[in-house]
Amino acid sequence: QVQLVESGGGLVQAGGSLRLSCAASGRTFSGYAVGWFRQAPGKEREFVAAMDWTGWITDYTDSVKGRFTISRDNAKNTVYLQMNKLKPEDTAVYSCAAPKRAGAIATMRNEDPYDYWGQGTQVTVSS
């Protein structure tokens, strides 16, 4: 059974940094796309960042470009989201997601290709 477990969330002041981790069990991240999504209170879940199956291509929503970085450590079977220069509007529950199918997926920004989701980790940015 594939499980994704996020960690690293917390309370931070605006301008600060956090690094989220997403550890996989039951399957490797190598050869699979992976995405990070977030959901703020009262809002729909939205795409944040993704990495394709090769690890060479990354994509970010405009609001986090230049501040967030997605990376992967295949040896540790863990994906990271480094978040710098955090803003109050980044406050949300952050979840990682992975598809069942290896290789390329139609679009990394949509939720549809992702089959496995973590429980999420809360990030709160105070002003």
Side-chain angles (χ1 to χ4, degrees):
Q1 183 177 359
V2 177
Q3 285 190 321
L4 305 179
V5 179
E6 302 94 339
S7 61
L11 174 64
V12 64
Q13 288 187 333
S17 298
L18 284 173
R19 189 178 78 159
L20 305 184
S21 300
C22 173
S25 61
R27 201 196 69 185
T28 178
F29 275 123
S30 181
Y32 294 83
V34 62
W36 282 97
F37 292 77
R38 67 186 179 186
Q39 187 167 21
K43 295 187 177 181
E44 293 187 353
R45 186 161 56 189
E46 65 172 354
F47 167 77
V48 177
M51 176 177 284
D52 83 325
W53 68 279
T54 67
W56 288 102
I57 298 173
T58 58
D59 190 20
Y60 300 91
T61 192
D62 286 347
S63 63
V64 308
K65 282 180 181 177
R67 300 189 297 122
F68 290 12
T69 303
I70 186 172
S71 63
R72 186 168 71 193
D73 186 333
N74 289 335
K76 295 183 178 180
N77 212 24
T78 300
V79 173
Y80 303 98
L81 185 67
Q82 178 67 43
M83 307 186 296
N84 299 328
K85 299 179 182 179
L86 282 160
K87 303 175 181 180
E89 51 263 44
D90 294 319
T91 294
V93 175
Y94 285 71
S95 301
C96 61
K100 284 184 181 177
R101 190 169 66 89
I105 58 177
T107 172
M108 297 191 293
R109 290 186 170 224
N110 288 352
E111 295 185 22
D112 288 345
Y114 297 100
D115 302 289
Y116 304 113
W117 293 81
Q119 83 289 348
T121 185
Q122 176 70 47
V123 171
T124 303
V125 184
S126 63
S127 57

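Quick caveat, the model's predicted, so the values are computed rather than measured.
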Quiz item: Where the side chain of Asp73 meets the backbone of Ala75, is there a donor-acceptor pair that is under 3.5 Å apart?
Solution: yes
Exercise. Please check if Val12 and Leu81 belong to a single hydrophobic cluster, counting links between Ile, Leu, Val, Met, Phe, Trp and Tyr side chain heavy atoms closer than 4.5 Å.
Key: yes
Quiz prompt | Stepwise side-chain contact (heavy atoms from CB on, under 4.5 Å) check, Tyr94 with Val48 | solution = CA-CA 9 Å; Tyr94 285 71; Val48 177; 4.2 Å; yes
Practice problem: Give a yes or no on this: more than 12 heavy atoms of other residues, nucleotides or ligands lie within 6.0 Å of atom NZ of Lys43. | Solution: no
Quiz item: Do Met108 and Met51 belong together in a cluster built from hydrophobic side chains that touch within less than 4.5 Å?
Solution: no
Exercise. Would you name the heavy atoms of Phe29 and Ala98 that are closest together and state the gap between them?
Key: CE2-CB, 4.3 Å
Quiz item: Okay, side chain of Arg72, backbone of Val79: is any donor-acceptor separation there less than 3.5 Å?
Solution: no
Exercise. Determine, using the 4.5 Å side-chain heavy-atom cutoff (strictly less than), whether Tyr80 and Val123 are members of one ILVMFWY cluster.
Key: no
Quiz item: Who are the ring-ring contact (aromatic ring centres under 6.0 Å, His included) partners of Phe47, not counting sequence neighbours?
Solution: Phe37
Exercise. For residues Ala40 and Ala92, report the shortest heavy-atom separation together with the two atoms involved.
Key: N-CB, 3.8 Å
Quiz item: With a 4.5 Å limit on heavy-atom distance, are the side chains of Arg38 and Glu46 in contact?
Solution: yes
Practice problem: Give the minimum heavy-atom separation between Ile105 and Pro113, together with the two atoms involved. | Solution: CD1-CB, 3.8 Å
Quiz item: Please walk me through it: do Ser17 and Asn84 pass side chain to side chain donor-acceptor pair (under 3.5 Å)?
Solution: CA-CA 4 Å; Ser17 298; Asn84 299 328; 2.9 Å; yes
Quiz item: Any donor and acceptor pair, going by atom type alone, linking the side chain of Glu6 with main-chain N or O of Gln119 inside 3.5 Å?
Solution: yes
Quiz item: Does Val64 belong to the same Ile/Leu/Val/Met/Phe/Trp/Tyr cluster as Trp36, with side-chain heavy atoms less than 4.5 Å apart forming each link?
Solution: yes
Quiz prompt | Gap between atom CG of Leu4 and atom OG of Ser95 - 0.5 Å precision | solution = 9.5 Å
Quiz item: Who pairs with Trp53 by ring-ring contact (aromatic ring centres under 6.0 Å, His included), at least two apart in sequence or on another chain?
Solution: none
Quiz item: Got a donor-acceptor contact below 3.5 angstrom from the Asp90 side chain to the Lys87 backbone?
Solution: yes
Practice problem: Kindly say whether Thr58 contributes a backbone atom to a donor-acceptor pair with the side chain of Asp52 at under 3.5 angstrom? | Solution: no
Quiz item: For Ser30, does its backbone N or O pair with a side-chain atom of Arg27 as donor and acceptor, under 3.5 Å?
Solution: no
Quiz item: Checking side-chain contact (heavy atoms from CB on, under 4.5 Å) for the pair Arg45/Trp117: CA distance, chi angles, key distance, verdict?
Solution: CA-CA 12 Å; Arg45 186 161 56 189; Trp117 293 81; 3.5 Å; yes
Practice problem: Verify side-chain contact (heavy atoms from CB on, under 4.5 Å) between Leu18 and Leu86, making sure each step is shown before the conclusion. | Solution: CA-CA 8 Å; Leu18 284 173; Leu86 282 160; 4.1 Å; yes
Quiz item: Can you list the steps and then say if Val34 with Tyr116 is a side-chain contact (heavy atoms from CB on, under 4.5 Å)?
Solution: CA-CA 10 Å; Val34 62; Tyr116 304 113; over 6 Å; no
Quiz prompt | Sequence neighbours excluded, every pair satisfying ring pair (Phe, Tyr, Trp, His ring centres under 6.0 Å) that has a member inside residues 54-76 | solution = none
Quiz item: Do any N or O atoms from the side chain of Asp115 and from the backbone of Pro99 form a donor-acceptor pair under 3.5 angstrom?
Solution: no
Exercise. Say whether, by atom type as modelled, one donor and one acceptor occur between the side chain of Thr91 and the main chain of Glu89 under 3.5 angstrom.
Key: no
Quiz prompt | Nearest heavy-atom neighbours spanning Gly120 and Val93 | solution = CA-CG1, 3.8 Å
